[in-house]
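A short write-up of the structure that comes next.
Along the sequence shown, residues carry numbers from 1. Numbering of ligands and ligand atoms starts at 1, following listing order. Given the structure is predicted, the values throughout are model-derived calculations rather than measurements.
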Amino acid sequence: MISVLGAGAFGTALAVSMQRESDARTVWLWGRNADVMAQMQASRETPRLPGVSLPDGLTCASDMASLPAHGPILLATPMQTLRALLTTHAAQLSHRTLVICCKGIELSSGLRASEVLAEVLPDATPATLTGPSFAADIARGLPTALTLACGDANCAETLQNQLSTHSLRLYSSTDIIGAELGGALKNVIAIACGAAIGAGLGESARAALLTRGYAEMQRMAAALGAQPETLAGLSGFGDLTLTCTSEQSRNYRFGASIGRGEAFDPAVTVEGAATARATHDVAKRLNLDMPITAVVTGLVEARLDVATAMDMLLSRPLKKE
Ligand SMILES: NC(=O)C1=CN([C@@H]2O[C@H](COP(=O)(O)OP(=O)(O)OC[C@H]3O[C@@H](n4cnc5c(N)ncnc54)[C@H](OP(=O)(O)O)[C@@H]3O)[C@@H](O)[C@H]2O)C=CC1
Ligand SMILES: O=C(CO)COP(=O)(O)O
């Protein structure tokens, strides 16, 4: 049995993919809104994934008391809601294997998701599922490759086998730190790339931001104990590439709206906004040079405009690559 908490675009897409491509599995999808979940259970569709049918066998529920007693639990609500989710449902979630699917750094603490989990539920087993994937692609059964990281190699392999489908190919890793940081920090760089394109600064500027942004990601990951090869993999370089180059990305589109000077719908999940601010704080604490993250924080907080931000980056002293 696989359980998924969070019936937004990503949680639902994972549930659909895992149920549709295996008769042997049964997937249970939980969302906090009883009316929405009853509607999904009855209609077999959701406005979060237009055109996608929820397969038979997928149960949509809002009552945590009916959480299946066995099997991994995927956590697919946004990063800044993770602590509240874990705290509210601590009784049902402690001692379970919890697979974190959100991407970000907690703003109030500067912690990664698995660190938040360890604080709230020290007896649970944390794992992370992350990498380049749009919910709409997964839900349509398009080919996708992700990283499944868990500190225990046997657990990582078990989860890899439990959660992979024919189209959703999971690679295992024991480097949770690297996997989480890749997924969190790439969203900040995607905002920068979107802003550059939105402001008409050109593809070359985007390539420069993507590459120098990757250098910042590697710098922070090394300081926090990640393995360099993890950053070069699906959860780092892979997801950075996807998010910085696709209009499908909400972080990229948010940046593009800043670049064009347009408003952006505040109801849309944009993980990189809070994560930029959290990362900027952590970088200052660790004395790490992260200039792109610093200017993205200024853009998000509306302290900077794109022209000033780019000028700040271009006027830095010349240095070795
Ligand atoms: N969408 C994508 O392509 C991908 C997303 N992700 C990651 O997945 C995470 C979720 O994103 P996504 O599904 O797209 O976001 P959505 O905005 O589509 O959905 C968020 C979901 O979380 C629910 N939620 C919000 N706060 C709480 C809370 N306090 N308790 C319980 N449920 C809550 C919302 O419920 P309600 O509707 O009631 O507000 C909604 O169902 C993010 O970290 C994102 O980076 C990762 C890879 C791909
Ligand atoms: O994480 C994602 C792709 O891997 C989804 O990106 P956005 O959250 O920017 O839409």
Would one find an N or O of E271, backbone or side chain, under 3.5 Å from an N or O of ligand 1?
-> yes

Ligand 1 to A135, heavy atom cutoff 4.0 Å, flagged ligand atoms 1 (N), 2 (C), 3 (O)

List, for ligand 2, each N/O atom that has a protein N/O partner under 3.5 Å away, with both atom names and the distance.
residue, atom, partner, partner atom, Å
ligand 2, 1 (O), K103, NZ, 2.7
ligand 2, 1 (O), K186, NZ, 2.9
ligand 2, 4 (O), K103, NZ, 2.9
ligand 2, 4 (O), G131, O, 3.2
ligand 2, 4 (O), S133, N, 3.1
ligand 2, 4 (O), S133, O, 3.2
ligand 2, 4 (O), D239, OD1, 2.6
ligand 2, 4 (O), D239, OD2, 3.4
ligand 2, 8 (O), R250, NE, 3.4
ligand 2, 8 (O), R250, NH2, 3.0
ligand 2, 8 (O), N251, ND2, 3.3
ligand 2, 9 (O), S249, OG, 2.7
ligand 2, 9 (O), R250, N, 3.1
ligand 2, 9 (O), N251, N, 3.0
ligand 2, 9 (O), N251, ND2, 2.7
ligand 2, 10 (O), R250, N, 2.9
ligand 2, 10 (O), R250, NE, 3.0

Could you see which bit of A13 sits under 4.0 Å from ligand 1, with heavy atoms only: side chain, backbone, both or neither?
-> neither

Per-atom contacts, ligand 1 versus A76 - under 4.0 Å to a heavy atom = 10 (C)

Short question: side chain of R253, backbone of E247 - any donor-acceptor pair under 3.5 Å?
-> yes

Check the pair D311 / T308 against side chain to side chain donor-acceptor pair (under 3.5 Å), numbers first and verdict last.
-> CA-CA 5 Å; D311 193 48; T308 310; over 6 Å; no

Side-chain touch I189/Y252, heavy atoms, less than 4.5 angstrom | no

Which atoms form the tightest heavy-atom contact between A127 and I176, and what is the distance?
-> CA-CD1, 4.0 Å

Who passes side chain to side chain donor-acceptor pair (under 3.5 Å) against N161, sequence neighbours left out?
-> none

Between S114 and R112, does any side-chain donor sit less than 3.5 Å from a side-chain acceptor?
-> yes

What do you reckon, does F10 have a nitrogen or oxygen under 3.5 Å from a nitrogen or oxygen of ligand 1?
-> yes

For T230 against A179, the heavy-atom pair lying closest together = CG2-N, 3.5 Å

Please could you name the atoms of ligand 1 that A7 approaches to less than 4.0 Å, counting only its heavy atoms?
-> 41 (O)

Tell me: protein heavy atom nearest atom 18 (O) of ligand 1, and distance?
-> A9 N, 2.9 Å

Side chain to side chain donor-acceptor pair (under 3.5 Å): which pairs involve residues 213-224, sequence neighbours left out?
-> E216-T293

Looking only at atom types and distance, does a side-chain atom of T297 sit under 3.5 Å from a main-chain N or O of A276, one as donor and one as acceptor?
-> yes

Residues P78 and C102: closest non-hydrogen pair is C-CB, 4.1 Å

If you scan protein heavy atoms around atom 17 (O) of ligand 1, the nearest is T269 OG1, 2.5 Å

In terms of side-chain geometry, is the basic nitrogen of D239 or K103 positioned less than 4.0 Å from the acidic oxygen of its partner?
-> yes

Taking only Lys NZ, Arg NE, NH1 and NH2, and the carboxylate oxygens of Asp or Glu, determine whether D289 and K284 approach each other closer than 4.0 Å.
-> no

More than 12 non-hydrogen atoms from neighbouring residues, nucleotides or ligands closer than 6.0 Å to CZ on R303, yes or no?
-> yes

How far is atom 26 (N) of ligand 1 from its nearest protein heavy atom, and which residue and atom is that?
-> T81 CG2, 3.3 Å

Not counting sequence neighbours, list each pair that qualifies as a side chain to side chain donor-acceptor pair (under 3.5 Å) and has a residue in residues 264-283.
-> R277-E301

Counting heavy atoms only, which of R83, R250, H89 comes nearest to atom 12 (P) of ligand 1?
-> R250

Any chance you could measure M18, atom CE, to L168, atom CG, to the nearest 0.5 Å?
-> 5.5 Å

To which protein heavy atom is atom 32 (N) of ligand 1 closest, and what is the distance rounded to 0.1 Å?
-> T77 CG2, 3.4 Å

Which of the ligand 1 atoms, numbered from 1, are nearer than 4.0 Å to a heavy atom of F134 | 3 (O)

Residue part near ligand 1, for K103, under 4.0 Å between non-hydrogen atoms = both

Going by heavy-atom distance to atom 19 (O) of ligand 1, choose the closest among G8, P47, G183.
-> G8

Any atoms of ligand 1 less than 4.0 Å from a non-hydrogen atom of P78? List them with their elements.
-> 20 (C), 22 (O), 25 (C)

What is the closest protein heavy atom to atom 7 (C) of ligand 1, and at what distance does it sit?
-> C101 O, 3.6 Å

Whether S133 lies under 4.0 Å from ligand 1, heavy atom | yes

If you scan protein heavy atoms around atom 35 (O) of ligand 1, the nearest is R32 NE, 3.5 Å

Closest non-hydrogen atom pair between L231 and G182, with its separation = CD1-CA, 4.3 Å

Under 3.5 Å, N or O to N or O, is N33 touching ligand 1 that way?
-> no

the protein heavy atom lying closest to atom 37 (O) of ligand 1 turns out to be R48 NH2, 2.6 Å

Quick one: does ligand 1 sit under 4.0 Å from the side chain of A136, the backbone, both or neither, non-hydrogen atoms only?
-> neither

